[in-house]
Amino acid sequence: MSFYFAIVGTKDNPLYEAEFGTSKQGGDGVARFREEQRPMNQFIVHSSLDIIEEVQWASSTMYMKCVDRFNNLFVSCFLTAGNIKFLLLHDTKADDAIRQFFTDAYELYAKTLMNPFYEVDMRIVSLVFDARIRNAARKYL
């Protein structure tokens, strides 16, 4: 199983992106997207933003589960109160594990927002943030 995770800002700009594979069931944590699929991952995730904008007003929860599907890939979304979108492209359904991953990622993002040198909609380039996101992925996905 392979995952592509993106945090998208309020102006639909990418703030953070990461690819990883499953660490469960004997996986090594390396993404197994086909080479011709990799450039499409960002496109698939960002094309789901229109659907998210329609669905967000009908839902009262932050975790919106699977909001879009492209071939055999699913896009799940977690929408923060500040309209920051956490998007995960995946090839299997595992709602509880994805929700727990999004919760940890949201907690890490909230800690990043408390940094006085970080502003909303600024790219996240912290190596510590990246390592902790990958640890959360290893733990849940």
Side-chain angles (χ1 to χ4, degrees), residues 1-25 27-141:
M1 294 185 292
S2 297
F3 301 93
Y4 172 77
F5 176 64
I7 299 177
V8 179
T10 58
K11 300 172 186 163
D12 293 342
N13 55 319
L15 304 180
Y16 174 80
E17 297 173 306
E19 274 188 5
F20 34 80
T22 187
S23 294
K24 302 287 182 188
Q25 302 164 353
D28 58 0
V30 177
R32 303 275 187 236
F33 289 113
R34 297 184 321 267
E35 278 306 311
E36 63 271 6
Q37 177 66 39
R38 286 181 189 256
M40 292 292 293
N41 289 345
Q42 189 177 30
F43 174 75
I44 295 166
V45 165
H46 285 276
S47 68
S48 67
L49 291 175
D50 292 332
I51 296 169
I52 292 168
E53 288 178 3
E54 292 175 13
V55 174
Q56 75 182 7
W57 304 112
S59 176
S60 61
T61 61
M62 296 173 91
Y63 175 54
M64 293 191 212
K65 296 187 180 181
C66 182
V67 293
D68 196 9
R69 183 179 175 149
F70 180 81
N71 290 341
N72 62 342
L73 298 172
F74 304 96
V75 178
S76 294
C77 178
F78 183 92
L79 186 68
T80 70
N83 203 28
I84 302 293
K85 297 157 207 74
F86 293 19
L87 302 169
L88 185 69
L89 181 70
H90 52 97
D91 53 5
T92 60
K93 288 203 173 202
D95 287 335
D96 281 343
I98 292 171
R99 183 175 22 85
Q100 291 171 331
F101 170 73
F102 277 146
T103 303
D104 275 15
Y106 180 54
E107 183 179 323
L108 291 170
Y109 180 72
K111 289 178 182 178
T112 302
L113 277 177
M114 289 189 267
N115 182 343
F117 300 109
Y118 180 79
E119 296 177 14
V120 176
D121 283 338
M122 214 167 89
R123 273 191 85 74
I124 300 172
V125 294
S126 168
L127 296 177
V128 174
F129 181 85
D130 183 60
R132 289 185 178 164
I133 287 289
R134 291 181 186 280
N135 283 340
R138 195 174 304 115
K139 182 177 179 182
Y140 297 114
L141 305 175

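A donor-acceptor pair shorter than 3.5 Å can be found between the side chains of Asn135 and Arg138.
With rounding to the nearest 0.5 Å, the separation of CD1 in Ile7 from CG in Asp121 is 11.5 Å. To the nearest 0.5 Å, the span separating OG on Ser76 from CZ on Arg69 amounts to 12.0 Å. To the nearest 0.5 Å, atoms CD1 (Ile124) and CG (Asp130) are separated by 10.0 Å. Distance check: Tyr140 OH to Asp104 CG gives 4.0 Å after rounding to the nearest 0.5 Å. Separation of atoms OG (Ser59) and CD1 (Ile52) is listed at 11.5 Å; rounding is to 0.5 Å. To the nearest 0.5 Å, atoms CG (Asn13) and NE2 (His46) are separated by 8.5 Å.
Taking 4.5 Å as the limit, every side-chain heavy atom of Val67 sits out of range of all side-chain heavy atoms of Leu87. Counting only heavy atoms from C-beta outward, the side chains of Leu73 and Tyr4 never approach each other to under 4.5 Å. Residues Thr103 and Tyr63 form no side-chain contact, since every pair of their non-hydrogen atoms from C-beta on lies 4.5 Å or further apart. Contact annotation: the side chain of Val75 never approaches that of Ile51 to less than 4.5 Å [non-hydrogen atoms, C-beta and beyond]. You'll find the side chain of Val8 stays beyond 4.5 Å of the side chain of Leu15, heavy atoms only.
The shortest heavy-atom contact between Glu19 and Arg134 is O-NH1, 3.0 Å. Taking all atoms of both residues into account, the shortest heavy-atom contact from Ile133 to Ala105 is CD1-CB, 3.7 Å. The minimum heavy-atom distance linking Pro14 with Gln42 is given by the pair CG-NE2, 4.3 Å. Of all non-hydrogen atoms in Met62 and Thr80, the two that sit nearest each other are CE-CA, 3.7 Å. Here the closest non-hydrogen pair linking Ser47 and Asp68 is OG-OD2, 4.4 Å. Nearest heavy atoms, Leu113 versus Tyr118: CD2-CE2, 3.6 Å.
Note: Phe5 and Phe102 have tilted aromatic rings, judged against thresholds of 30 and 60 degrees for the angle between ring planes. Relative orientation of the Tyr16 and Phe129 rings is perpendicular, given thresholds of 30° and 60° on the angle between their planes. Ring orientation note: the planes of Phe78 and Tyr106 are tilted relative to one another, at an angle of 30° to 60°.
For an aromatic pair to be called close, the ring centres must be under 6.0 Å apart, and Phe3 with Phe101 fails this.
Electrostatic pairing of Asp12 and Lys85 counts as a salt bridge here, judged by a charged N lying under 4.0 Å from a carboxylate O.
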